[in-house]
Structure formats: C-alpha cells, structure tokens
Amino acid sequence: METVVDAANKGANGSGQNKSVTVVFVLGGPGSGKGTQCANIVEHFGYTHLSAGDLLRAEIKSGSENGNMIDNMIKEGKIVPSEVTIKLLQKAIQENGNDKFLIDGFPRNEENRAAFESVTGIEPEFVLFFDCSEGEMETRLLNRNQGRVDDNIETIRKRFKVFLESSLPVIEYYNAKGKVRKIDAAKPIEKVFESVRSVFTILGDKAAA
Ligand code: UDP
Ligand code: MG
C-alpha cells in the first residue's frame with residue numbers, strides 16, 4: 001500500500017524516501033476543546049499538532065485558487081472536499097521532521113476517512129474523542145472571540161448538525177474497532193487534561209514494552 005510519503009513524493013521531489021508515522025485523530029464537536037488539549041499534548045508528549053481547520057484557514061489566507069470555495073464552506077459549516085484537506089494534511093506531515101502527529105478535526109465524515117486511508121495508507125493509532133454536551137459547546141464557542149466567521153449562532157447550529165449526522169458515524173466506525181478513547185470534555189481544562197494524559201501515558205508504556 002502507498003504511504004503518505006510515497007503519495008506526497010509523486011507531486012514533490014520523487015525521492016521515494018519513506019517515513020513511517022504515528023497518527024492520532026482528535027475528534028469531537030465544535031467547541032469540545034480539541035485545539036486546547038492538543039496544545040497540552042504537544043507540550044507533554046512531543047506530538048506535532050495538525051488542525052485541519054487551521055490548515056484550511058491558512059489556505060484561504062494564502063490566496064490559493066481554492067480559497068473562495070473553502071471560505072464559503074466554512075461559513076456554512078460544510079465539509080470541504082476530501083482531496084483539498086488531505087493534500088494539506090499530507091504536505092504538513094511530509095514537511096515536518098516529527099513522526100508523531102495529532103490530526104485535529106479530521107476526518108469529519110465517512111468519505112474523509114476512507115479517502116485519507118486509501119490515499120495515505122495511514123491508519124490512526126487511536127481516536128481521541130472529546131465528548132461534550134451541545135449546551136456547553138455552544139457557550140464556549142460564543143465566548144471564545146477568536147474572530148472566526150463560523151462562531152455565530154446560525155453557523156454553530158449548522159456545525160452541530162453536521163457533527164451529529166456526518167462526524168459521529170466516523171467515531172462509531174472506530175469505536176467498533178476498539179480504537180476510541182473517550183474523554184469527558186465538559187470539565188475544566190486541567191481536569192480534561194488529566195484524562196488525556198492517562199491515555200497518552202498508557203500508549204507510551206506500550207511503546208516502551
Ligand atoms: N473543515 C472541513 N474539513 C476538515 C476540517 C474543517 O471542511 O477536515 C471546515 C468545516 O467547515 C468546519 C470548519 O472548517 O466547520 C472549522 O473546523 P475546525 O476544526 O477549525 O472547527 P471546530 O468545528 O473543531 O471548532
Ligand atoms: Mg479547532
């Protein structure tokens with residue numbers, strides 16, 4: 001099977017160098033704390049954080065030809081076509097010297113998941129799932145003031161709907177494979193990180209054994 005680097009090299013330098021990577025998908029509804037906890041994981045466990053949403057927003061800013069389309073999708077809370085997001089993720093993995101990645105906010109639907117797996121050949125080590133009520137997520141999103149075009153009540157409702165209909169099935173898929181590590185995310189940041197820490201500590205022990 002083709003690896004992420006094989007695929008990336010076709011478009012890049014063709015050196016054919018291989019890179020085996022560990023990937024953890026970080027999933028959960030909008031406002032569940034994925035980005036915040038990823039920053040903690042980076043600090044304590046040496047992963048590189050790749051936020052699919054941040055990569056897409058950077059792509060808009062760069063003035064790419066896809067910028068307008070991505071901007072419109074984000075304003076509507078819709079899922080950007082897989083090929084666009086996967087290319088950005090692949091490039092970010094390829095260009096980074098690290099071999100451990102948190103992929104935050106992706107895959108968001110079954111098609112994202114299947115396409116990522118077939119294009120990159122990467123299966124996640126596990127899926128970290130931040131479980132949080134809509135009421136709590138809504139409060140957080142409306143209070144975070146990051147100037148995001150999608151943090152308004154109308155788009156937030158759309159994002160919740162997309163999460164329930166499209167993203168939860170991805171979590172179910174991995175749950176059936178025993179790959180989901182569910183975290184109660186409706187607690188203060190430090191409390192949530194205690195649970196997150198224990199998930200990654202167990203992983204570290206296994207790797208060392
Ligand atoms: N998005 C997407 N595909 C992805 C990740 C993000 O289409 O793989 C788009 C989608 O419109 C989403 C928005 O970017 O609503 C913001 O995503 P992000 O993960 O930054 O926000 P979150 O919903 O986690 O707060
Ligand atoms: Mg985020």
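Quick note: numbers below take in every heavy atom, side chains included, and nothing from hydrogens, waters or symmetry partners. Not measured: the values here are computed from a predicted model. When a ligand or atom number is given, it counts from 1 through the structure's own listing order.
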- Task: Considering heavy atoms of the protein only, find what lies nearest to atom 1 (N) of ligand 1 and give residue, atom and distance to 0.1 Å.
- Result: L56 CD1, 3.4 Å

- Message: Please state which option from K158, R159, R148, M137 has its nearest heavy atom closest to atom 18 (P) of ligand 1.
- Response: R148

- Query: Just by distance, do the side chain of D71 and the backbone of G67 share a donor-acceptor pair under 3.5 Å?
  - Reply: no

- Using a heavy-atom cut-off of under 4.0 Å, does the side chain or the backbone of R144 touch ligand 1, or both, or neither? side chain

- Message: I'd like to know whether the aromatic ring centres of F116 and F25 sit less than 6.0 Å apart in this structure.
- Response: yes

- Query: Are F126 and L102 connected in a single hydrophobic cluster, I mean Ile/Leu/Val/Met/Phe/Trp/Tyr linked by side-chain heavy atoms less than 4.5 Å apart?
  - Reply: yes

- Task: Please report the C-alpha distance between R159 and D151 in whole Å, then the side-chain angles of each, then the deciding distance to 0.1 Å, and finally whether the side chain to side chain contact (heavy atoms under 4.5 Å, CB included) criterion is met.
- Result: CA-CA 10 Å; R159 288 157 70 197; D151 281 350; 2.9 Å; yes

- I79 neighbourhood, listing ligand 1 atoms whose heavy-atom distance to it stays under 4.0 Å: 7 (O)

- Query: Which of the listed options, D150, L88, N109, holds the heavy atom that is closest to atom 13 (C) of ligand 1?
  - Reply: D150

- Which option, R140, R108, M73, owns the non-hydrogen atom nearest atom 19 (O) of ligand 1? R108

- Atom indices of ligand 1, in the order listed, that fall short of 4.0 Å to a heavy atom of G105: 4 (C), 5 (C), 8 (O)

- Taking all non-hydrogen atoms of both residues into account, name the closest pair between A52 and T85 and its distance. CB-CG2, 4.0 Å

- Query: Are F200 and F193 an aromatic pair by the rule of ring centers under 6.0 Å?
  - Reply: no

- Are the side chain of N112 and the backbone N or O of R108 linked by a donor-acceptor pair below 3.5 Å? yes

- Task: For atom 11 (O) of ligand 1, state which one of K34, E76, K78 supplies the nearest heavy atom.
- Result: K78

- Message: Counting non-hydrogen protein atoms only, what is the nearest one to atom 9 (C) of ligand 1? Give residue, atom name and distance.
- Response: I74 CG1, 3.8 Å

- Are any of the N/O atoms in V80 less than 3.5 Å from those in ligand 1? yes

- Item | Ligand-residue contact atoms, ligand 1 with T85, heavy atoms, under 4.0 Å | 8 (O)

- Can you find an N or O of R57 that's nearer than 3.5 Å to an N or O of ligand 1? yes

- Message: Within the 4.5 Å heavy-atom criterion, are L50 and T48 side-chain neighbours or not?
- Response: yes

